[in-house]
Amino acid sequence: MRSPFFWISVVSALLAIATMPSAFANGDGRTPGEKLKFVVFGGHPDDPESGAGGLIATLTRQGHEVICAYGTAFRGGRRFFDRPESEVRQEEATAACKVLGATPKFFPYAHETLVADLKTLREVSAWLVEAKPDIVVTHWPLDTHPNHHTVSSLVWQSYKRQGGWNLYFFEVMTDDQTIAFEPALYLDLGPVRDIKRQALMEHKSQEPEVIWGDHEKMHRRRGTECGVEFAEGYRLVEAKQGCPLLPVRFLAKVAEPRSSP
């Protein structure tokens with residue numbers, strides 16, 4: 001016969017387990033509300049802002065850490081405002097990140113030398129290992145701009161090599177640059193649309209009003225698809241076991257109306 005002390009110990013242990021902060025119900029081994037680290041990896045300054053600025057602002061508002069990584073910030077000896085392009089565009093991106101509550105990361109490659117070769121892959125992969133993101137968001141791989149395509153390839157190859165984080169894709173200048181992109185996840189842009197616009201306006205060297213106008217068409221298009229006024233679209237590669245998903249409320253595509261017989 002067990003002593004009363006044995007049963008007291010058993011009950012105490014069960015109560016301790018029951019009251020522990022449980023993340024196992026989430027399937028990712030993390031406690032609810034835990035702060036996560038995200039990398040939004042774009043080809044150039046203004047890509048993370050124009051493609052995923054709403055998502056970035058949403059995440060930083062929740063208290064998460066977001067790094068905006070830029071594959072290249074200059075082309076050869078090009079200048080803006082009689083200053084080197086790299087200096088101007090890094091300054092603009094830093095200001096945009098401040099608006100969004102994010103941190104910039106600049107890689108040293110020129111537009112014309114950014115390629116998905118083994119050396120660059122090793123450098124990008126090493127940085128991602130060091131950064132230890134929970135989630136990475138980058139360009140959809142089918143893109144007419146070679147820098148966008150290259151960055152997507154580098155991130156994809158790093159993802160296949162490393163594991164340890166989930167990967168999502170975003171779009172920019174759809175049908176002009178991003179092509180054949182069909183979102184599966186929609187973010188209602190309404191609550192953070194003004195912040196996204198303010199961040200994009202910091203890229204004064206890039207005719208931001210034109211870029212914003214093109215993306216407003218995308219926002220309305222994606223909003224129509226999910227039943228809100230403005231939205232951003234995303235795709236998840238796969239839900240990796242043990243890795244968190246984006247902690248935002250995504251909308252699904254609304255059913256398309258049937259045509260009349």
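Checking His203 against Asp46 by side-chain atom types alone, no donor-acceptor pair falls below 3.5 Å. A donor atom on one side chain and an acceptor atom on the other are not found under 3.5 Å apart for Thr94 and Glu91. One side chain, Tyr186 or Glu225, offers a donor N or O that lies under 3.5 Å from an acceptor on the other. Side-chain contact, Thr150 with Asn147: no donor N or O sits under 3.5 Å from an acceptor N or O.
Tested against Arg193, the residues Gln198, Glu216, His219 include a single side chain to side chain donor-acceptor pair (under 3.5 Å) partner, Glu216. Here the rule is ring pair (Phe, Tyr, Trp, His ring centres under 6.0 Å) with Phe107, and of Trp127, Phe74, Tyr70 only Trp127 fits it. The only member of Phe169, Phe41, Phe170 that meets ring pair (Phe, Tyr, Trp, His ring centres under 6.0 Å) when paired with His139 is Phe170.
A continuous path of hydrophobic side-chain contacts links Ile67 to Val124 [ILVMFWY only; heavy atoms under 4.5 Å].
Residues forming a salt bridge (charged side-chain N to carboxylate O under 4.0 Å, His left out) with Glu85 (at least two apart in sequence, or on another chain): Arg78, Arg89. With sequence neighbours excluded, no residue satisfies salt bridge (charged side-chain N to carboxylate O under 4.0 Å, His left out) with Lys160. Applying the side chain to side chain contact (heavy atoms under 4.5 Å, CB included) criterion to Gln157, with sequence neighbours excluded, gives Ala116, Leu121, Ser153. Under the rule for a salt bridge (charged side-chain N to carboxylate O under 4.0 Å, His left out), Glu112 has no partner lying at least two apart in sequence or in another chain. Residues satisfying the side chain to side chain contact (heavy atoms under 4.5 Å, CB included) criterion with His149, sequence neighbours excluded, are absent altogether. A search for ring-ring contact (aromatic ring centres under 6.0 Å, His included) contacts involving His215 returns nothing, not counting sequence neighbours.
Residue Arg83 qualifies as enclosed at atom CZ: its count of foreign heavy atoms under 6.0 Å is above 12.
Ring centroids of Tyr168 and Tyr234 are separated by 6.0 Å or more, keeping the two rings apart.
Residues Ile195 and Val99 are in side-chain contact: their nearest non-hydrogen atoms beyond the backbone lie under 4.5 Å apart.
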